[in-house]
Amino acid sequence: MTTFTPFTLWPLLFSDTFKTSFLGILLEALPFVLLGALLSSLLRVFVPDEMISRWIPRRPLPAILFGCLLGILFPVCECGMIPLVRRLIHKGMPLYVAIVFILSGPIINPVVYGATLMAFRSHPELAYTRMGLAFVVAALIGLILYATVRKSPLRLSIRREGSEVHQADTRGGRVAAVLVHTSDEFFEMGKYLIIGCLLTAGIQTFMNQGSLSAIGERPLGSYVFMMGLSFVLSLCSTSDAFVASTFLHVFPAGSLLAFMVLGPMLDFKNSLMLLSLFKTRFALYLFFLIIATVFTGSVLASLWL
Amino acid sequence: MNHSRSIRLHYLFRAVILLAFALYIGHLVQQDALHYYVAPKLARWIRLCPVPLCLMALSLGLQAVLGRSAALCDCEHRLPRSGLGSSALYGLFLLPLLLGFLLPDRALGSAAAAKKGIVLSYTAAEPGNGAKFTPSNPYEAEFAELAGKLYEQPVIPVHSEIFSETLGAMNLYKSQFEGKEITVSGFLYREPQGAGQPGYAVSRFLVQCCTADATPFGILLQPGTQISLPADTWIEVRGKLHVALFEGVETLQIAPERITAMAAPSTPYVYTNADAAAAWEELQRADIK
């Protein structure tokens, strides 16, 4: 075995950490992105336009409830969510219902509930509050968007072309058409995913979490710190509860709640994807709404916890 | 440039990249290196990915070679128009592949643990737990049961299958484990130089989904322990448990009697176990055989 002096060893260790985190995040997201892209293409090729809108309740409140509970049916991780939601919007899902689905889907589903309960063995009330807060935040944002947004905020509005003509010409028929669209979606989302993974891995490799936790010692500082951490770490919603539980005796329970509700709704990875889907102004408005409601909600919830 | 020709070219590039991704995953599976990056429950899904990736590459290739020009359009997904845009896009996709193929697969170690902050006391002992290993709420029942089983051992083994659970259970009832003998193995973690003596810990990374959520769990070696081994060496420690204050928190520590270097295990990380007490029984039975 070769020996290294400490000076040559340190940069090497860093690049190993970087590579291992970067590929770890990317490989983790890959099956979900592929699944999301595949579902979206299946919808595009096989489900006629406007069909989805017939399933969605007309009145806003039942529609929002529908959006919140859709996550139980489609337990797709947040990485697979964006291509799927984009297609759903094009197929006639109202914007506010789609946003409610994007926000609640990664949290309100049985897998995440189980993982949270397991991570907080001695504080099961945190798991219930997480589900409850996610529901309230998603529904509230849905209502605000229903009331305030009129124009389509989509970056690229698809022309309603006669899609039948298109698919008849794809070599290999409908199956090949689905696959071609899947790879289009994959490359579309993949670039944001890779940039997100690069940034996240960079932060994980070079940021010292211990040195930042000093921010958390000020009043409400722990909320700011935990929300910032959940944004930059870009963890999967099924595993973030465990990371949060390691802070259990350092920070108040409300800030852990903020970490577990904000992270799946908004992080490096998916904010880039949201920016690719929506016009910048709308995306920033949405980010603001998410951060503000999660912050307020978790501070209020901590009074009750 | 001819529009349909440029689309064909894009499709070919994409087909090649998709195939390369499929190949990389195949390479990881074949080298048995997937566990350096993701937890086994997720690895199952990643192993399936080459199938859709190859199919996607195949149908892209088909369109590129045989597709009629009229049918090729990018009206829905805009393809990059400039050469610069395209090279940036495909360069981005090649980056993980290059990193993956060129750099060796290594597990996370001390450097990452120092950045993430090592977890030394995972569960806080609830004060007023007078009776032996009685859970204060039903959710601690599993840890209490495990703690009871661990306590009966003359030398407590820390199995890697239930690493975090064992540490958690002992931490919950730390005062009762005072003075017990223990053997534990992990990589040697050295506290970054701070005030006072260097601190050492035996540590393992707990991975939930992937390396992004890897959390370093460890048990402190009594301050003042002299160790000449470099950080990240895999060691087996045998010693007595003590409760002492570390950075103001009551923490379990080992007063080591013997520290031996060992070969790195084939799976460097540890994972959570849904039923640690049952897993313990199984491991004990396997040990006797």
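Sequence lines set the chain letters: A, B, ... in the order given, protein chains first and strands last, and positions in each chain run from 1. Because the structure is predicted, anything quoted here is derived from the model rather than measured.
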If you tally heavy-atom pairs under 4.5 Å against chain A, which of [options] wins?
| options | value |
| --- | --- |
| B/A15, B/A107, B/P104 | B/P104 |
| B/L34, B/L48, B/L206 | B/L206 |
| B/I46, B/V38, B/L89 | B/I46 |
| B/P96, B/G109, B/A112 | B/P96 |
| B/D105, B/T272, B/T215, B/L103 | B/L103 |

Exercise for review: Would you please test B/L42 and A/F32 for side-chain contact (heavy atoms from CB on, under 4.5 Å) and show each step?
Suggested key: CA-CA 11 Å; B/L42 203 67; A/F32 298 101; 4.0 Å; yes
Revision key, fill the gap. Greatest number of non-hydrogen atom pairs under 4.5 angstrom with chain B, of A/L26, A/I25, A/T20, falls to A/T20
Please state whether the side chain, the backbone, both or neither of [X] comes within less than 4.5 Å of a heavy atom of chain B.
| X | result |
| --- | --- |
| A/I194 | side chain |
| A/L198 | side chain |
| A/F22 | side chain |
| A/L23 | both |

With rounding to the nearest 0.5 angstrom, report the [atom1] to [atom2] distance, [X] to [Y].
| X | Y | atom1 | atom2 | result |
| --- | --- | --- | --- | --- |
| A/D240 | B/Q208 | CG | CD | 9.5 Å |
| B/C49 | A/L35 | SG | CG | 9.5 Å |
| A/H181 | B/M56 | NE2 | CE | 12.5 Å |

Exercise for review: Please report the C-alpha distance between A/L27 and B/L28 in whole Å, then the side-chain angles of each, then the deciding distance to 0.1 Å, and finally whether the side-chain contact (heavy atoms from CB on, under 4.5 Å) criterion is met.
Suggested key: CA-CA 11 Å; A/L27 285 172; B/L28 283 180; 3.7 Å; yes
With a 4.5 angstrom heavy-atom cut-off, could you sort out which part of [X] is near chain A: side chain, backbone, both or neither?
| X | result |
| --- | --- |
| B/L55 | both |
| B/I17 | side chain |
| B/L53 | side chain |

Using side-chain heavy atoms (C-beta onward) and a distance below 4.5 Å, is [X] in contact with [Y]?
| X | Y | value |
| --- | --- | --- |
| A/S183 | B/L18 | yes |
| B/Y11 | A/D184 | yes |
| A/E28 | B/T211 | no |

Point to revise | Check against side-chain contact (heavy atoms from CB on, under 4.5 Å), B/R106 and A/T17 | key: CA-CA 8 Å; B/R106 290 249 176 82; A/T17 312; over 6 Å; no
Take atom [atom1] in [X]; do more than 12 heavy atoms of anything else shown fall under 6.0 Å from it?
| X | atom1 | result |
| --- | --- | --- |
| B/W234 | CH2 | yes |
| B/L84 | CG | no |
| B/F13 | CZ | no |

Exercise for review: May I ask you to decide if the ring planes of B/F93 and A/F186 are parallel, tilted or perpendicular, using 30° and 60° as cut-offs?
Suggested key: tilted
Check your understanding: Do B/Y36 and A/K19 have a side chain donor and acceptor closer than 3.5 Å?
Key -> no
Check your understanding: Can you list the steps and then say if A/L179 with B/L60 is a side-chain contact (heavy atoms from CB on, under 4.5 Å)?
Key -> CA-CA 8 Å; A/L179 290 168; B/L60 278 184; over 6 Å; no
